[in-house]
Asker: 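Have a look at the structure that comes next, please.
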There are 2 protein chains.
Amino acid sequence: MTSDAPLSLDEPNLSGADRAPVREILSLDKAQRMAEFFGVLGDPNRWRILSALALGERRVGELAAVVGMSESAVSHQLRILRTMRLVSYRKRGRNVFYCLKDRHILNLYQEASEHLDEPLEEEEGE
Amino acid sequence: MTSDAPLSLDEPNLSGADRAPVREILSLDKAQRMAEFFGVLGDPNRWRILSALALGERRVGELAAVVGMSESAVSHQLRILRTMRLVSYRKRGRNVFYCLKDRHILNLYQEASEHLDEPLEEEEGE
DNA sequence: ATAACCTTTGAACAACTGTTCATGGGTTAT
DNA sequence: ATAACCCATGAACAGTTGTTCAAAGGTTAT
């Protein structure tokens, strides 16, 4: 990374014309989609569900028992996680098995974890 | 990564004893902190502000003009971004210059962007 | 067939969030 | 000193979110 370039939201790996470096602020549309995605990760029970699925495939009832929620509440949350393609599922008889869709959620967890675990430096202000 | 190990929320880079592999679901406390952090990223105007700061240091008034918000609203949001240590600031006379604190936010943006841009595969259900 | 099981869905309601508005603190001018 | 400027803060209000509750769909038993 060059030294004087400001931090930017570029996506440098892609050379296509539709992936031009961002020299403007995010469009309302892109910002909205970002917010919707991260908003889904803004609930503690959804993280508990995701972390349970990180251990392996689980049925809805099992998830409810592990995280201590009603099956209805878990089902509602799983629907939200599905719309953001964070989980996938397969039906087997009357059971539905959910699992994490890919590694993105794990990378996000790790990145956030590192940020939260950083030692707090001395603040000038406040 | 071994083939049969389930995806897990381990943090493999650290070998310390206080960073044991996660074989249980996230604690309520950890899940809460994760949710609080990602919840901050769950607002489109905060992403617009962050993307403006990704281009370089900006004053509060400049941010308000660029993102099309009132200065008060921007100030409220900057406070939230400060509490999550996503931005830092320096005072210069009566102006306050904000900037991104580190690269974590950029990594999170990129990871999410890749996830959102993934082609949708054929769903079995629904 | 009926019953039990697992899951999903919709409505309703309490709790939370982000904005506006008014106000005030602190700094730089005149 | 007063005025203008830049920013932060608190209250209040509309909009959103996550839960509970009741009901129903679909599958596997008996």
Side-chain angles (χ1 to χ4, degrees), chain A residues 26 28 31-50 52-53 57-84 86-99 123-126, chain B residues 26 28 31-50 52-53 57-84 86-99 123-126:
Chain A
L26 256 45
L28 278 173
Q32 182 71 42
R33 277 178 298 158
M34 278 288 152
E36 281 174 10
F37 176 69
F38 282 102
V40 168
L41 301 180
D43 179 84
N45 284 333
R46 281 196 284 268
W47 272 108
R48 304 244 297 169
I49 291 172
L50 289 170
L53 294 178
E57 206 176 39
R58 293 287 187 276
R59 297 181 305 132
V60 177
E62 291 175 326
L63 289 173
V66 171
V67 304
M69 301 170 61
S70 73
E71 298 183 357
S72 175
V74 170
S75 186
H76 277 296
Q77 300 295 27
L78 286 171
R79 194 172 91 82
I80 294 173
L81 294 173
R82 263 191 282 128
T83 67
M84 281 302 162
L86 288 168
V87 302
S88 58
Y89 66 100
R90 66 186 177 87
K91 296 179 180 175
R92 185 85 175 182
R94 56 190 173 193
N95 297 320
V96 181
F97 293 86
Y98 281 84
C99 63
E123 300 281 344
E124 296 182 15
E126 189 139 340
Chain B
L26 256 43
L28 278 174
Q32 183 70 42
R33 276 178 299 158
M34 278 288 154
E36 281 174 10
F37 175 70
F38 282 102
V40 169
L41 302 180
D43 179 84
N45 284 333
R46 281 196 285 268
W47 273 107
R48 304 244 297 170
I49 292 172
L50 289 170
L53 294 178
E57 205 176 40
R58 293 287 186 275
R59 297 180 304 133
V60 177
E62 291 174 329
L63 289 172
V66 170
V67 305
M69 300 169 62
S70 72
E71 296 183 0
S72 174
V74 169
S75 186
H76 277 296
Q77 299 296 25
L78 286 171
R79 194 172 91 82
I80 295 174
L81 295 173
R82 262 191 283 130
T83 67
M84 281 304 161
L86 288 168
V87 302
S88 57
Y89 66 101
R90 66 187 177 86
K91 295 179 180 175
R92 186 85 174 183
R94 56 189 173 193
N95 296 318
V96 181
F97 293 86
Y98 281 84
C99 63
E123 299 281 345
E124 297 182 13
E126 190 136 341

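All values below come from the heavy atoms of this structure, side chains included, with hydrogens, waters and symmetry mates left out. Per chain, numbering begins at 1; letters A, B, ... match sequence-line order.
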Asker: Would you please confirm or rule out a distance under 4.0 Å between OP1 or OP2 of dA8(D) and any side-chain N or O of Tyr98(B)?
Answerer: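 So the side-chain polar atoms of Tyr98(B) do come within 4.0 Å of the phosphate oxygens OP1 or OP2 of dA8(D), strictly under.
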Asker: Check every atom of dT9(C), dT8(C), dT19(C) against the side chain of Val60(A) and return the nucleotide holding the closest atom.
Answerer: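 Looking only at heavy atoms from C-beta outward on Val60(A), the closest nucleotide is dT8(C).
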Asker: Quick one: Arg90(B) CZ to dT27(C) C1', roughly how many Å, whole number?
Answerer: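 To the nearest whole Å, that distance equals 16 Å.
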Asker: Rounded to the nearest angstrom, tell me the gap between atom CD in Glu71(B) and atom P in dT23(C).
Answerer: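 Taking atom P of dT23(C) as the reference, CD of Glu71(B) is at 18 Å.
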Asker: Starting from the 5' end of DNA chain D, give me the residue, Arg94(A) or Val40(A), whose nearest nucleotide shows up first.
Answerer: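 Of the two residues, Val40(A) wins.
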Asker: How long is the straight-line distance from CZ of Arg46(A) back to CE of Met34(B), given to the nearest 0.5 Å?
Answerer: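 Here the interatomic distance stands at 15.0 Å.
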Asker: Using a 5.5 Å cut-off between ring centres and planes within 30 degrees, is His76(B) stacked on the base of dT19(C)?
Answerer: no
Asker: From the set dA8(D), dG18(D), dT20(D), return the single nucleotide nearest to any side-chain atom of Ile80(A).
Answerer: dG18(D)
Asker: Rounded to the nearest Å, what distance is computed from the CG atom of residue Asn95(B) to the P atom of nucleotide dA4(D)?
Answerer: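 Going from Asn95(B) (CG) to dA4(D) (P), I get 18 Å.
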Asker: Is there a side-chain contact between Gln77(A) and the phosphate of dT17(D), meaning an N or O under 4.0 Å from OP1 or OP2?
Answerer: no
Asker: May I have the distance from Asp43(B) (atom CG) to dG15(D) (atom C1'), rounded to whole angstrom?
Answerer: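 Rounded to whole Å, this separation is 13 Å.
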Asker: Checking the side chain of Trp47(A) only, and the main-chain atoms of Leu41(A) only, is there a donor and an acceptor separated by less than 3.5 Å?
Answerer: yes
Asker: Kindly say whether Phe97(B) contributes a backbone atom to a donor-acceptor pair with the side chain of Arg90(B) at under 3.5 angstrom?
Answerer: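 It does not hold such a pair.
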Asker: Whole Å only: how far is the CZ atom of Arg59(A) from the P atom of dC5(C)?
Answerer: 12 Å
Asker: Going by modelled atom types, is there a donor-acceptor pair between the base of dT9(C) and the side chain of Ser72(A) at under 3.5 Å?
Answerer: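 Flag set: donor-acceptor pair detected.
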Asker: Can you see if the side chain of Asn45(B) gets near the phosphate of dG18(C) - specifically, an N or O under 4.0 Å from OP1 or OP2?
Answerer: no
Asker: Please report the distance, rounded to the nearest Å, between CE in Met69(A) and P in dT7(C).
Answerer: 14 Å
Asker: Does the structure place the NZ or CZ of Arg58(A) under 6.0 Å from the centre of the six-membered ring of Tyr98(A), at an angle of no more than 45° from the ring's axis?
Answerer: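 No, cation not above the ring by the 6.0 Å, 45° rule.
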Asker: Under 4.0 Å, heavy atoms only, any strand: does Arg92(A) hit a base, just the sugar-phosphate, or nothing?
Answerer: nothing
Asker: Side-chain contact, heavy-atom cut-off 4.5 Å: Met69(B) with Gln77(B)?
Answerer: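 In short, these two side chains touch, coming nearer than 4.5 Å.
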Asker: In whole angstroms, how far is the P atom of dG18(C) from the CD atom of Glu36(A)?
Answerer: 14 Å
Asker: If you compare every side-chain N and O of Ser75(B) against the phosphate oxygens of dC7(D) (OP1, OP2), does one of them come in below 4.0 Å?
Answerer: no
Asker: Between atom CG in Leu41(B) and atom P in dG18(C), what is the gap in whole Å?
Answerer: 11 Å
